[in-house]
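Each chain gets a letter, A, B and so on, in the order its sequence line appears, and its residues count up from 1.
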Amino acid sequence: MIKQMQQIERAACIAALWAAAATVILPLLLLLSGSLMSDAEVAQAMGSVFSGDRSAEFFLFAQYPTLRGYLKLLLDSPEFFVMFWNSCKLTFPILAGQLLVAAPAAWGFAMYDFPAKKLLFTLYIALMLMPFQVTMVSNYVVLEQLSLLNTRWAVILPGIFSAFPVFIICRFFQSVPRSLFDAAQLDGAGPWQIFWHIGLPLGAPGIASAAVLGFLEHWSAIEQPLTFLKDRWLWPLSLFSPGESAGQAAVSLAASAVTLLPPLLVFLMGKQYLKEGISASGLKE
Amino acid sequence: MKKRQSSIFRNEGLAFIAPSLLGVAIFVLLPFADVLRRSFFTAGGKFAGLSNYAAVLNNTAFRLAAGNTLKFVMLCIPVLTALSLLLAAAAHRLSAEACRSCSWVEVAKTVLLLPLAVPAASVALIWKLFFCENGFLDVWFLQWFGHPAACMETETAFYVLVFSYLWKNAGYDMVLWSAGLSGIPRELYQAAEIDGAGGFARFRYITIPQLLPMLFTIFVLSLLNSFQVFREAYLVAGEYPHTSMYMLQHLFNHWFADLELEKLYAAAVLTALVIFLLILALQKSWKAGIAD
């Protein structure tokens, strides 16, 4: 009887996980299949999106797979390359700056006591939670004063001072044993030496997970570039839309798939750090 | 000795934080203070008292958007928290057994986390294919019930947004819960099992109380992610979606585009205040769990 109950429970667990995983995979599979279709097949299967009054026809795989969409995208859409590089030129400086600024700050919060520390950390959590639209207008004001609007710096600089990496990295530094810190101090190591030789190596997984999370976040940023960059030639890939006319359908789908590629690679390479980073942010202080 | 050390600690700690704090001050705090000041003035620069705030609170679009946003947060976060906890518990239970299933449980967890990497721009087309006019759902509904689902043109649009939030974040919260679950000592369960507690009783009396301290962080991170659902909303439904999914973010964008800055200043201050108070209240109410 108990054995039977356990069997049922087990089957329910398996079913729940499979169902959830299938729900997650389905749209991604459709995206991949769609990107391998010819214009004609897209027009038939996705008529509702691309040609207005036609109905969609459900599919799982492309019937006549072709790479024409990708070829057209890569050979015949110069703006796509510009936007791809724009994405890189925004994302990587943000990440580099974030780590340069956030790692020491997280170390300061994790290892030291100073007045108003609690208040400051609460402030960082609150800032981390503010939706972009709340700080949009104040950001705009300061970027205008510094005459940085419509330059890459308008997206990069506010991105660097995001509170989120400080929060994540801090959680990792908090698990550095206090005794190690005290021992290094007794041996006469200065604060920067301790940070460099103990903090950074032990907190490396935290920094890696902040970098992975940061990459995923900023690669798909929409609001900041849309608001602060008027010039379309500065726009990143996340704003690429070749138009939804029937003739552009295959290119559109290929572009969606290619946009997904870099974060997918980063995800697969960094999934361990990602899981560790997310877990660490959940554990209690 | 101790005292002197702590005073040195003080300055060193601040030195580590200084660059970050300076940037935050320049790009967030000072401009926000400026926005706060401006929210009390008219466009012409005359002191206006609270009249901008009154204008915002009486604005129908603001009431609609604030109501929708509140409804969204109040519905999504509990549902997401519960759903991801169930999934995490299922995964935990399976991997606790013979390790033959461990590997694919890990794979399932990774798959569920995948949407974190998917840019809104990539998946927007697929959501359109499912939910917009003449899409899959409309076709299926027509076949089964004789009328289209018309998700994006009716109140259902709101639930499409809920669905896309759950799709995106279930795996993220699941990893958070998994971390908590693997921290619960096995002996507790074994003891309960010997005492004859069933699966549900163990979940109710061991798992939930043990996980309570994590609730604050999970709530905070879920709230953080809930604001990003705007990206999907914007890409799927455009600037003017059905009123049921008209969020504060849409409104802020419109006021920004129309240069209705006074209202925008006041609304930004109000929203920031609500979020800040929410954090303080949550921190207080869960302090007992987090303190030790």
Between the side chains of B:Tyr265 and A:Ser138, is a donor N or O closer than 3.5 angstrom to an acceptor N or O? no
Where does A:Val212 contact chain B at under 4.5 Å (heavy atoms): side chain, backbone, both or neither? neither
Spatial distance of atom OG (B:Ser122) from atom CG (A:Leu237) [nearest 0.5 Å]: 8.0 Å
Does a side chain donor of either A:Glu217 or B:Gln228 reach within less than 3.5 Å of an acceptor in the other side chain? yes
Check whether A:Leu268 gets within reach of chain B through its side chain, its backbone, both or neither, counting any heavy atom under 4.5 Å. neither
State the CD1-NZ distance between B:Ile17 and A:Lys117, to the nearest 0.5 angstrom. 7.5 Å
Is A:Tyr140 close to B:Phe256 at the side-chain level, that is, under 4.5 Å between some pair of heavy atoms? yes
The criterion is side chain to side chain donor-acceptor pair (under 3.5 Å); which residues satisfy it with A:Lys275, sequence neighbours excluded? B:Glu106, B:Thr110
Distance (rounded to the nearest 0.5 Å) between B:Asn253 CG and A:Thr227 OG1: 6.0 Å
Aromatic contact, B:Phe16 with A:Phe109 (centres under 6.0 Å): no
Pairs involving residues 263-272 of chain B, ordered by first then second residue, that meet salt bridge (Lys or Arg N to Asp or Glu O under 4.0 Å) (sequence neighbours left out): B:Glu260-B:Lys263
Between CD1 on residue A:Ile194 and CD on residue B:Glu12, distance to nearest 0.5 Å: 7.5 Å
With a 4.5 angstrom heavy-atom cut-off, which part of B:Ile126 approaches chain A: side chain, backbone, both or neither? side chain
Pick one of side chain, backbone, both or neither for B:Trp255, based on which atoms fall under 4.5 Å of a heavy atom in chain A. neither
Against chain B, label A:Ile125 side chain, backbone, both or neither, depending on which of its atoms sit under 4.5 Å from a heavy atom there. side chain
So do the side chains of A:Val24 and B:Trp167 get within less than 4.5 Å of each other, counting heavy atoms only? yes
Based on non-hydrogen pairs under 4.5 Å, which of A:Pro262, A:Ala126, A:Ala21 is most in contact with chain B? A:Ala21
Between B:Phe130 and A:Leu30, is there a side-chain heavy-atom distance shorter than 4.5 Å? yes
